[in-house]
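Notes to accompany the following structure.
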Amino acid sequence: QVQLMESGGGSVQAGGSLRLSCTVSKYISGAYCMGWFRQAPGKEREGVAAIHSNGDISYVDSVKGRFTVSKDNAKNTLYLQMNSLKPEDTAMYFCAAETPFPTFQRCTYSRQLTYWGQGTQVTVSS
């Protein structure tokens, strides 16, 4: 069982930056796929970014060039650096993970993962 806890959300003006963190409850020794998702009021949850244990990364088109996903294995923490924020980025952001992760599966931003955090709110004002 893997537990995830997000932090770092808040309110910022358009053009600003935030860094979200997702602390993992235990060290993941095997293959994994981890990602960030978001859900705005009245909208479906969408994948934002994903990172595989082999270093492969994918992003949804709307955040490419603005968001960066990374993982610090020493700290068991997943990050999402968000720059040039826009009002349409306003949402509850969740991190998720799947481990073990089958070698024949693709770790992409749209893949639904197994373990989920509780979410952290990001609000961007114009």
Pair up each side-chain donor or acceptor in residues 102-109 with any protein partner under 3.5 Å, not counting sequence neighbours, and list the distances.
unit_1	atom_1	unit_2	atom_2	d
Gln105	OE1	Arg111	NH1	3.1
Thr108	OG1	Ser110	OG	3.3

Using a 3.5 Å cut-off and no angle test, enumerate the donor-acceptor pairs between side-chain atoms of residues 6-13 and protein atoms at least two apart in sequence or in another chain.
unit_1	atom_1	unit_2	atom_2	d
Glu6	OE1	Gln118	N	3.0
Glu6	OE1	Gly119	N	2.8
Glu6	OE2	Cys95	N	2.9
Glu6	OE2	Gly119	N	3.3

Pair up each side-chain donor or acceptor in residues 43-50 with any protein partner under 3.5 Å, not counting sequence neighbours, and list the distances.
unit_1	atom_1	unit_2	atom_2	d
Arg45	NH2	Gln112	OE1	2.9
Glu46	OE2	Arg38	NE	2.6
Glu46	OE2	Arg38	NH2	3.0

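The distance from atom OG of Ser25 to atom CE of Met5, rounded to the nearest 0.5 Å, is 9.5 Å. In this structure, the separation between NE2 on His52 and CD on Glu98 is 9.5 Å, given to the nearest 0.5 Å. Rounding to the nearest 0.5 angstrom, the gap separating the CD1 atom in Ile28 from the CG atom in Asn76 is 7.5 Å.
A single hydrophobic cluster is not seen to contain both Trp36 and Tyr79; linkage of ILVMFWY side chains at heavy-atom distances under 4.5 Å, directly or through other members, places them apart. Residues Met34 and Tyr59 share a single hydrophobic cluster, defined by chaining ILVMFWY side chains whose heavy atoms lie under 4.5 Å apart. By the rule that hydrophobic residues join a cluster once side-chain heavy atoms approach within less than 4.5 Å of another member, Leu85 and Val60 end up as members of one cluster.
Residue pairs meeting the salt bridge (Lys or Arg N to Asp or Glu O under 4.0 Å) criterion with at least one partner in residues 48-59, sequence neighbours excluded, are absent. Applying the salt bridge (Lys or Arg N to Asp or Glu O under 4.0 Å) test to every pair with at least one member in residues 7-17, sequence neighbours left out, gives no pairs at all.
Cluster partners of Met92, by chain and number: Phe37, Phe94, Leu113, Trp116. The rule joins Ile, Leu, Val, Met, Phe, Trp and Tyr whenever side-chain heavy atoms lie under 4.5 Å apart. Other cluster members for Phe101: none, since no ILVMFWY side-chain heavy atom sits under 4.5 Å from it.
For Arg19, the side-chain hydrogen bond (donor to acceptor under 3.5 Å, both in side chains) test picks out no residue, with sequence neighbours left out. For Lys64, the salt bridge (charged side-chain N to carboxylate O under 4.0 Å, His left out) partners two or more places apart in sequence, or in a different chain, are Asp61. Take Asp72 and apply the salt bridge (charged side-chain N to carboxylate O under 4.0 Å, His left out) test, not counting sequence neighbours, and it matches no residue. By the side-chain hydrogen bond (donor to acceptor under 3.5 Å, both in side chains) test, Ser17 is found to be paired with Asn83, residues two or more places apart in sequence or in another chain being considered. Applying the side chain to side chain contact (heavy atoms under 4.5 Å, CB included) criterion to Pro87, with sequence neighbours excluded, gives Ala14, Val124, Ser126.
Few gaps surround CD on Gln39; more than 12 heavy atoms of other groups in view lie less than 6.0 Å from it.
In summary, of the residues considered (Thr77, Leu78, Leu4), a side chain to side chain contact (heavy atoms under 4.5 Å, CB included) with Thr23 occurs for Thr77 alone.
Of the possible polar contacts, one joining the Thr99 side chain to the Ala31 backbone as a donor-acceptor pair under 3.5 Å is found.
The shortest side-chain heavy-atom distance between Phe67 and Asp89 falls under the 4.5 Å cut-off.
Residues Tyr93 and Leu20 share a closest heavy-atom pair of CB-CD1, 3.6 Å.
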When you look at Val122 and Met82, which way does the side-chain contact (heavy atoms from CB on, under 4.5 Å) test go after all the steps?
CA-CA 10 Å; Val122 171; Met82 305 186 295; 3.8 Å; yes

